[in-house]
Amino acid sequence: MADPTSFLFLLSMTLLLQQSYPFSFANAEILNVTTDKSALFELKAHISSKDSHHVLISNWSSNTHICTWVGVTCGSKHLRVKALNLSYMDLIGTIPSSLLKCTQLQYLDMWNNNFTGRLSPEIGNLTMLTYLYLAQNKFEGAIPSQIGNLQKLELFAADINYLSGPIPYEIFNISTLQKISMVSNNLSGHLPSSTGSLFVPNIQILTLGDNELSGRIPNSILNASQLIMLDLSHNSFSGSIPEAIGNLRFLEVLNLVSNKLTISFSELRSLFSSLSSCKHLRFLSLSKNHLNDVLPNSVGNLSTSLQRLHLYYCNIKGNIPEEIGNLSSLIDLSLHHNELGGPVPTTIGRLHMLQGLVLYGNRLKGSIPYTLCHLGILDTLNLGGNELYGNIPACIDNMTSLRTLDLGFNQLTSSIPLRLWRLTDLLLVDLSSNSLNGPLPLDIGNLNVLRALDLSKNQITGRIPVTIGGLKNIVNLSLAVNRLDGSIPTSAGELVSLEVLDLSYNNLYGEIPKSLEKLSNLKHLNLSFNKLQGEIPSRGQFVHFPATSFMSNNGLCGEAQMQVPPCKGKKAIGLQILKYVSITVGLVVLGMCLVFFSIKRRKRNAKLSHDTNSMPLATWRRISHQELIRATEGFSANNLLGEGSFGFVYKGTLLEGTTVAIKVLNLQVEGAFKSFHIECEVLRNIRHRNLVKIITACCNMDFKALVLEYMPNGNLDMWLYSENRCLNMLQRLSIMIDVARAIEYLHLGYATPIIHCDLKPTNVLLDEDMVGHVADFGIAKLLGDGVSLTQTMTLATIGYMAPGIVSTRGDVYSYGILLMETFTRKKPTDDMFTGDMSLKCLVQESLALSVLEVVDTNLLSNQNDYPAMEECLLSTMGLALHCCADSSEQRIGIENVLATLDKIKLKFLKDITGH
Ligand SMILES: *[C@@H]1O[C@H](CO)[C@@H](O)[C@H](O)[C@H]1NC(C)=O
Ligand SMILES: *[C@@H]1O[C@H](CO)[C@@H](O)[C@H](O)[C@H]1NC(C)=O
Ligand SMILES: *[C@@H]1O[C@H](CO)[C@@H](O)[C@H](O)[C@H]1NC(C)=O
Ligand SMILES: *[C@@H]1O[C@H](CO)[C@@H](O)[C@H](O)[C@H]1NC(C)=O
Ligand SMILES: *[C@@H]1O[C@H](CO)[C@@H](O)[C@H](O)[C@H]1NC(C)=O
Ligand SMILES: *[C@@H]1O[C@H](CO)[C@@H](O)[C@H](O)[C@H]1NC(C)=O
Ligand SMILES: *[C@@H]1O[C@H](CO)[C@@H](O)[C@H](O)[C@H]1NC(C)=O
């Protein structure tokens, strides 16, 4: 083609124009740069933008030359508009016909704006146009036939508009056209069928997908010998396909998906043979047409360049030909939704480039061939909805690129191979509706990008692994209709992305964890048909869930609209439960507050103790006795941190270098360790900044140890009674606030309140920042279902212990004593407290006189703002006494203790700093 900017070319064009249309313009206007300018001004007047400061509005100004305007390019000789590029400018408006006065326009690019209106028939005046790009606007109406005047046009793109009516045949008569794309409009009618000059020889790309075109695919298309891409998808083309289509030797893409083509077996066989001449064929889709017969073996003769073969929804019958394994470049094989039977050909394992294998919804039989494990870069494996049986191949972990795995709705019978959970890139897993069995492994929590997991309708047993909380991106989780038991792990509350959770039809028991209230995205919850108990949480998204989410559980209670009985007060419930539960409260030696529930006649509990014996700490990092021996240098005395009623505490270093405290429980009390597993199960779920973290536990027949977070600053007792260290007022307040936070969490942060039972200074540990961490809460017991236990024996450490029953208010009492001790530096167990005299009485009396009389003298020498200190101590000791009220009803809840102490600390800070 002549260089459009060359002088001769321009000259000849000008002459030609003047000769052909000497008087064609109104008033015989001579067109020059001035007329171009006024044309563009008129265009500007027809344009608006969401953005009133749009660059075009300020840039296209009358006092600058149009050739400097944004989007405008002028020809170097004639200085008239040669190219107008307004693509991606966020413009709204219409194109005025005056633009057509820019007769030197060669490139017009309006791509991706919101231009509306019809295309003017006078578009045919722009005879210099070689490039007309109107895609992604809102143009409507017909494509004018005058477009045929644009005999230099090389590209016409009008995808994604509202153009309608037939495609003017004239466009196919422009011999220069290389690309026509009109995807996603409302074009209708037929393609020109007479041969001749139609379908010009230079066209390379013809994409007319997603319109309303009908009729046959004309033989005239065979004239387009340069065709590389033919996309007639999503139209209503009928009949067959010109068999000689293979004459289009350069064809790379043939996309005919979703038409009304009817291709017989013999036609299809000829078609494949013909297409085998197209050596560059990359993409072939005949999907969503009527093939209605078996797939000819000649499918294997298609080009070895073929990357994508789509023949889904075609009513194909018979087997998948083994020859499919010849298509060595295949990336994507989609044969889903047909009536294919027989086995999955093992030859598919040869397709090393395969990334997607989608055979969903056929009648394939046999087992999943192990050869599929050769597909090392497979991204999507979808064999769902067939009649496959046998195992999921254990070698599945070889498909390290797998993102989508759908084997649902088959007859698979194995357990889920453990190695499957090593595929940590998985996004979607559907193994539902098979007969898969066995438990779920802990490794499930490794799939931290997984978005959907459907294991419903299988025979999966065991518990829901606590590691499930690792599925941070999961949106949709269904384990419904299996044989899962155990409780719903609290860690389910960590599934922050979760929208759908279905655990219905299992044997889950225990309470619905409160932590689920935190799942702010949860829209659908189904816990029905289990054996869950206790209160239905009522906060968070639970306000939206219907009664059906919880139906058919035996022990749930809650609000009336949930169609469950109301949760009675703690005592009432306690009595009710006592009807069929006998509670034995066992004594544990020296400061341990172990309570054993032996619940008779309750099958689920029989099961619980059974299960906890079989897989107790499976969810933790396992640690062996040997490793602990190594960690503590053989439990050497050098590493001994302390000795308690329960045994010894050692400092140790684990293999990975973490320093830990190891609490070796060497009690030989009969029965004490029957509950060890249960304890650990409880403790594992408890996490709070002010609780000493339990890292793991070691549990053999004759050796039990807890591995705890190491606290470098010892305990509060050491600090209070040390000769050479002293905590100031603020530090003591802060530590006691930390303790209150921990207790609040134990009492209120968990599905069932946890009672510490043994709050005392040695159980308040201090980290390197002097933050308080409460320890030994493991010795506390769950107070299930609000059961109040009648205390029948001595519990906890004398002096800190509340009179009466074990309850959360008992902890508040101990907290009050601890508060007194922290500021007075007097132990309740001190010899001075005998008879009627107790620490509590001492504090009570001092309040009437002067609180400074009773306070730790170290504080007095340490602090000089006595008025502020006195006021602070008065409030603090007042609070302590409130905690230690004789009757538990008069004691305040820990949450109020915390709030009050927070205020006291703030007031004190304000007083001593003056602001
Ligand atoms: C453009 O043509 C008009 C007449 O149509 C004339 O008045 C004007 O001077 C011309 N401008 C230039 C820059 O040639
Ligand atoms: C218009 O935009 C062009 C290209 O960005 C720039 O060179 C020119 O200076 C601008 N003119 C005005 C008046 O802003
Ligand atoms: C118009 O501009 C866009 C973005 O700057 C560019 O991609 C496109 O090729 C241009 N069009 C023409 C015809 O040069
Ligand atoms: C387009 O050309 C026709 C003659 O072929 C003329 O009548 C008409 O005015 C031209 N339109 C514009 C907008 O220049
Ligand atoms: C066009 O308008 C639609 C709303 O009809 C809007 O969503 C879209 O962002 C607009 N596109 C442009 C490029 O302005
Ligand atoms: C196509 O062009 C040929 C001449 O090259 C002409 O005979 C024929 O009528 C044109 N067809 C259409 C539909 O414009
Ligand atoms: C695992 O995949 C590689 C290719 O990624 C393959 O060579 C190897 O044979 C496969 N192993 C198995 C057990 O299928």
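Numbering of ligands and ligand atoms starts at 1, following listing order. Bear in mind that the values here come from a model prediction, so they are computed numbers and not experimental data.
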| task | Measure up the Y360 and H337 rings against each other and bin them: parallel (under 30°), tilted (30 to 60°), perpendicular (over 60°). | result | tilted

| Which residue and non-hydrogen atom of the protein lie closest to atom 12 (C) of ligand 3, and at what distance in Å? | N85 ND2, 3.5 Å

| task | Using a strict 4.0 Å cut-off to heavy atoms of T68, name the atoms of ligand 2 that fall inside it. | result | 1 (C), 2 (O), 3 (C), 8 (C)

| message | For the residue pair N63 / S61, report whether a side-chain donor-acceptor contact shorter than 3.5 Å exists. | response | yes

| task | For atom 7 (O) of ligand 3, find the nearest protein heavy atom and state the residue, atom name and distance (0.1 Å precision). | result | W111 CZ3, 5.0 Å

| remark: Here the atoms of ligand 3 under 4.0 Å from any heavy atom belonging to Y131 are 13 (C)

| Under 30°, 30 to 60°, or over 60°: which ring-plane class applies to H374 and H352, parallel, tilted or perpendicular? | tilted

| Which atoms of ligand 3 sit under 4.0 Å from any heavy atom of S87? | 1 (C), 2 (O), 3 (C), 4 (C)

| request: Would you mind checking which non-hydrogen protein atom is closest to atom 1 (C) of ligand 2, with the distance to 0.1 Å? | output: N59 ND2, 1.5 Å

| task | Could you tell me which atoms of ligand 3, counted from 1 in the order shown, lie closer than 4.0 angstrom to a heavy atom of D109? | result | 1 (C), 8 (C), 10 (C), 11 (N), 12 (C), 13 (C)

| Ligand-side contact atoms (ligand 4) for residue partner S97, heavy atom cut-off under 4.0 Å | 13 (C)

| field | Heavy atom of protein inside 4.0 Å of atom 5 (O) of ligand 3, strictly below | value | no

| said: Side chains of N301 and S276 only: does a donor on one sit below 3.5 Å from an acceptor on the other? | reply: no

| message | Tell me whether S220 contacts the main-chain N or O of P192 through its side chain, where contact means a donor paired with an acceptor under 3.5 Å. | response | yes

| query | Among side-chain atoms of E212 and S188, is any donor-acceptor pair under 3.5 angstrom? | reply | no

| query | Looking only at side chains, do T103 and R80 share a donor and an acceptor under 3.5 Å apart? | reply | yes

